[in-house]
Amino acid sequence: MQVHKIIKENQPIFFLYLISTLYFLYQYHTSTLWDFSAYVLNARYLFYGGTYFEVYRAPLAPILLGIFLSIGKIGIYLYIWAISTFFLYSTVKISSEIFKDLEEKKKKIAKIIFYFFSLSPFVLLYGLGGGTELLGFALLEMFIYSLIKSKTSGHWLGLAILTRYNFLYFIPLLLIHKKPREIVKNLLITIFILFPWLLFNYLKYGNWFTSIIDSYALNIHFRQYLTEQISFSQFLPPIGWFWPFLIIGIVISITQLIKRPIKENKTNIIIFLLIAIIIYDFYNTPFKITRYLFNLALPIAFFSTKGTLLWIEKIKINKRLIISLILIVFIVTSGFLFFHRYEERWHKQQFAEAAREIYALNISHCEILSPHWVLVTYYTENVYPLNWNYINQEILDNKVVLIFKDEYSRDYQLEGTLDGFPLLYETEKYLFLAKPDISKSCSPRYVYDSPLVKDPCQIFSEVLGKDLLGTFGLKTCKIINKPIGS
């Protein structure tokens, strides 16, 4: 009865929640989600004896997926529903605090508008498409909410870091607590949350920071040659058509910073610090994928909501009309996204078809290499990364190569002809290259769980620099971790 009453009193928010959740579920059902598939594979490895594990991925999503997978494949859909529901909770929670000084009617419309802007097309597209963005976003909202309320926040930050390692950049925000005792307490809580995962790394790989260093190496250290300049155009997708309201909201907040005392500007200060950290993180990332700006969705929603509230006040528009416009716009934009996913449903099907063919060809026990290994090993757990430069040698070594005709690998464009390589099986969408009767003599499948970096301490010291700090960091790292190869 209580739930029914809450839904009835918040029908617009519930409608936005329902449509967005359906989209997230449909996106998973029809789309090829590389990162999401990798997190599912990590969950199987951690809980169910799976054989594929990407060390550099943070553990919270796989742990949650592992729990939901205990009830079977439907558990993945329940996981998506749970994350969307948690995001609803965190968004309503933080908006209630941000706009608490408004009168009741304005507060209600503010929460609707804030949730609407928080569910931008950019958020819908990448929220679960990237695997963990929506979960990280929700934890970030809870962290910011706790900072604004001067409540304990370290647990939210720790969980966010276990979702995506770039949340380590937000540790300085703990200084918002001001009192040294509170800062230390929340920092210790953050470390306490991280400790079990760090211990797992130490026990399995001999280094407390193996996963974190692997992630840094893959996304930054190994990609220095791909360094791109930051540009204004990279910020356009997260903003979308919100920019008029965004600009108004930014002007309002800057005006408040100038005219109001610091105590009354806590939320504005935190939001501007948040923007600075997100941009700094993006600036330091060599290969600038727009998805890395995902967390900007929070300040964008914040400023856009403030701008919209002022616009409503100035033109004195009817509340029901505003809500109707919000729902219509959301239906139209989400409708386009639904249609886009429907049009691309074939993309996922070809990987499932190739997986079925692996069993039909009796090579499920073989080592198979492909530029799209994660998307196929999601079904078979025997497909691994292909280095196109060594394809001939891989075949000579009794491995099977799987190529999708209309696709590119993650890093190298497939060029040249495949003539001259032994063809095992071919369809319109893909082909298998291997020696004849390979099923009898193939290189066997194996457990894929090795870290990318052999010496994490060396990478750690390079992050600190080549001066005394780097030398001290290297020595300290080697003292607290096991020797390489032990």
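Excluded from the calculations below are hydrogen atoms, water molecules and symmetry mates; all remaining heavy atoms, backbone and side chain alike, are included.
Between E133 and R291 there is a salt bridge, with a side-chain nitrogen of the basic residue lying less than 4.0 Å from a carboxylate oxygen of the acidic one. Using a cutoff of 4.0 Å between basic side-chain nitrogens and carboxylate oxygens, D281 and R164 are not scored as salt-bridged. A salt bridge links E97 to K149: one of the charged nitrogens lies within less than 4.0 Å of a carboxylate oxygen. Contact check on R57 versus D35 returns a salt bridge, with a Lys/Arg side-chain nitrogen under 4.0 Å from an Asp/Glu carboxylate oxygen.
Side-chain polar atoms of K405 and Q350 form no donor-acceptor pair below 3.5 angstrom. Side-chain contact, S370 with Y384: no donor N or O sits under 3.5 Å from an acceptor N or O. No side-chain N or O of S96 forms a donor-acceptor pair with one of K107 less than 3.5 Å apart. Between the side chains of E428 and Y430, no donor-acceptor pair is found at a separation under 3.5 Å. Side chains of N268 and S253: a donor on one and an acceptor on the other come within 3.5 Å. Between the side chains of T227 and K288, no donor-acceptor pair is found at a separation under 3.5 Å. For R44 and Y52, the side-chain atoms include no donor-acceptor pair closer than 3.5 Å.
When atom types are taken as modelled, the side chain of S215 and the backbone of S211 share no donor-acceptor pair closer than 3.5 angstrom. With hydrogens and angles ignored, the 3.5 Å screen pairs no side-chain donor or acceptor of R341 with any backbone N or O of Y26. In this structure, the side chain of N265 engages the main chain of R260 through a donor-acceptor pair within 3.5 Å. With hydrogens and angles disregarded, a donor-acceptor distance shorter than 3.5 Å links the side chain of D214 to the backbone of L452. Judged purely by atom type and a 3.5 angstrom limit, S334 uses its side chain to pair as donor or acceptor with the backbone of I331. Side-chain atoms of S95 come within 3.5 Å of backbone atoms of V92 as a donor-acceptor pair (strictly under, hydrogens ignored). Between the side chain of Q234 and the backbone N or O of I289 there is no donor-acceptor pair closer than 3.5 Å. Proximity of a side-chain donor or acceptor of T377 to a complementary backbone N or O of V383 within less than 3.5 Å is detected.
With a 6.0 Å radius and a threshold of 12 heavy atoms from other residues, nucleotides or ligands, I71 has its CD1 atom above the threshold. Other residues, nucleotides and ligands place no more than 12 heavy atoms under 6.0 Å from the OH atom of Y89. In the displayed structure, E343 atom CD is contacted under 6.0 Å by more than 12 heavy atoms of other residues, nucleotides or ligands. Other residues, nucleotides and ligands contribute at most 12 non-hydrogen atoms within 6.0 Å of the CD1 atom of I74.
With contacts defined as side-chain heavy-atom distances shorter than 4.5 Å, the pair K106/L309 does not qualify. Proximity of Y45 to V40: side-chain heavy atoms (C-beta onward) are nowhere separated by under 4.5 Å. Side-chain contact between F192 and L187 is absent, with no heavy-atom pair separated by less than 4.5 Å. Side-chain contact check for F15 versus I326: every heavy-atom pair is 4.5 Å or farther apart. L173 has its side chain within reach of I277: a pair of non-hydrogen atoms, C-beta onward, lies under 4.5 Å apart. Under the 4.5 Å side-chain criterion, counting only non-hydrogen atoms from C-beta, S37 is in contact with L375.
Between W34 and W373, the ring center distance clears the sub-6.0 Å criterion. For an aromatic pair to be called close, the ring centres must be under 6.0 Å apart, and Y165 with Y216 fails this. For F351 and Y379, the ring centers are positioned 6.0 Å apart or more.
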(request) Could you give me the CA-CA distance, side-chain angles and deciding distance for I176 and I148, then say whether side-chain contact (heavy atoms from CB on, under 4.5 Å) is met? (result) CA-CA 9 Å; I176 296 293; I148 295 172; over 6 Å; no

(message) Please evaluate residues K93 and E141 with respect to the criterion side-chain contact (heavy atoms from CB on, under 4.5 Å), reporting the C-alpha separation (whole Å), side-chain torsions for both, the decisive distance (0.1 Å), and the verdict.
(response) CA-CA 8 Å; K93 195 80 171 173; E141 287 187 325; over 6 Å; no

(request) Show your working on side-chain contact (heavy atoms from CB on, under 4.5 Å) between Y292 and N166 and close with a plain yes or no. (result) CA-CA 9 Å; Y292 295 165; N166 63 328; over 6 Å; no

(message) Walk me through whether L119 and F330 qualify under side-chain contact (heavy atoms from CB on, under 4.5 Å).
(response) CA-CA 9 Å; L119 287 170; F330 192 75; 3.7 Å; yes

(request) Please assess F36 against F24 for the test ring-ring contact (aromatic ring centres under 6.0 Å, His included), listing each intermediate value before the final yes or no. (result) CA-CA 12 Å; F36 191 90; F24 291 135; over 10 Å; no

(request) Please assess F167 against F170 for the test ring-ring contact (aromatic ring centres under 6.0 Å, His included), listing each intermediate value before the final yes or no. (result) CA-CA 5 Å; F167 280 105; F170 293 90; 5.4 Å; yes

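Residues L402 and P371 approach most closely at O-CD, 3.4 Å, considering heavy atoms. Closest approach of A43 and P62 over heavy atoms only: CB-O, 3.2 Å. Closest approach of T190 and G154 over heavy atoms only: OG1-O, 3.1 Å. The two residues L464 and G473 come nearest to each other via the heavy atoms CD1-CA, 3.7 Å. Between I300 and S304, the closest heavy-atom pair is O-OG, 2.7 Å. L25 and W81 make their closest contact through CD2-N, 4.5 Å (heavy atoms, listed as atom of the first residue, atom of the second, distance).
Across K185, E182, H177, a single residue satisfies side-chain hydrogen bond (donor to acceptor under 3.5 Å, both in side chains) together with S153, and that is H177. For the side-chain hydrogen bond (donor to acceptor under 3.5 Å, both in side chains) criterion with Y17, the lone passing option out of T91, T85, N10 is T85.
Taking OG1 of T290 as the start and CG of L236 as the end, the distance is 9.0 Å to the nearest 0.5 Å. Note that CZ of F86 and CG of L88 are 11.0 Å apart. Values are rounded to the nearest 0.5 Å. In this structure, the separation between CZ on F116 and CG on L16 is 7.5 Å, given to the nearest 0.5 Å. Separating the CG atom in L18 from the CD1 atom in I13 is a distance of 13.5 Å, to the nearest 0.5 Å. Between the OG1 atom of T267 and the CD1 atom of I271 there is a distance of 7.0 Å, given to the nearest 0.5 Å. Separating the CZ atom in F242 from the CZ atom in F122 is a distance of 11.5 Å, to the nearest 0.5 Å.
Geometrically, K348 engages Y28 in a cation-pi contact, judged by NZ or CZ lying under 6.0 Å from the ring centre and within 45° of the ring axis.
Residue pairs meeting the ring pair (Phe, Tyr, Trp, His ring centres under 6.0 Å) criterion with at least one member in residues 133-154, sequence neighbours excluded, are F87-F137, F137-F294.
In this structure, F404 and H372 have perpendicular ring planes: the angle between them is above 60°, well past the 30° mark. Between F53 and F200, the ring planes are perpendicular. Angles over 60° get that label, and only those under 30° would be called parallel.
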Using distance only, find each side-chain donor-acceptor pair of residues 155-163 under 3.5 Å and give its atom names and separation, not counting sequence neighbours.
residue, atom, partner, partner atom, Å
W156, NE1, S146, OG, 3.4
T163, OG1, L159, O, 2.9

